[in-house]
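Report on the structure given below.
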Amino acid sequence: MTQFNDEVFRTSVRELLHEGVVDVLFTKKDGTDRFMKCTLSQDKIPAEFAPKGSNQKVNDESIAVFDVEVKGWRSFRWESLKTVKLTVQ
């Protein structure tokens, strides 16, 4: 899935994540698919889970996001991404 490895696409997804809740479907390392509602929007992340510093390390292979349903930080690999959908709330 080369379109999900494109930097323009990744930048667009990061922008969506900062705007609101995004539904993603990806394949986990064990081969199973996982659906997650996630965000990077400061107003959607509870204060106790907010990132502590501004110098977060950027990884070109994966992205850390806040899972709004399990209330915790998770990550997925760009190459395992299957679908992305913005949830308008």
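Each residue takes its place number in the sequence, starting with 1.
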[X] side, atom [atom1]; [Y] side, atom [atom2] - distance, nearest 0.5 Å:
X   : Y   : atom1 : atom2 : value
K82 : F76 : NZ    : CZ    : 14.0 Å
K44 : K37 : NZ    : NZ    : 11.5 Å
K29 : R34 : NZ    : CZ    : 14.5 Å
L16 : T39 : CG    : OG1   : 10.0 Å
S62 : F26 : OG    : CZ    : 11.0 Å
E15 : L17 : CD    : CG    : 10.5 Å

Do S41 and V21 come within less than 4.5 Å of each other through their side chains, counting heavy atoms only?
no
Report yes or no: do [X] and [Y] belong to one cluster of Ile/Leu/Val/Met/Phe/Trp/Tyr joined by side chain heavy-atom distances under 4.5 Å?
X   : Y   : value
V70 : W73 : no
L86 : V65 : yes
L25 : M36 : no

Testing the basics here: between E69 and D67, what is the closest heavy-atom pair and its distance to 0.1 Å?
N-OD1, 2.9 Å
Please name the residue in the list L81, V24, V13, L40 that meets the side-chain contact (heavy atoms from CB on, under 4.5 Å) test with I63.
L40
Could you check whether any side-chain N or O of T27 sits under 3.5 Å from a backbone N or O of D33, counting only pairs where one atom can act as donor and the other as acceptor?
no
Main-chain N/O of D60 paired with R10 side-chain donor or acceptor, under 3.5 Å
yes
Using ring-ring contact (aromatic ring centres under 6.0 Å, His included) as the criterion, list what pairs up with F49, not counting sequence neighbours.
F66
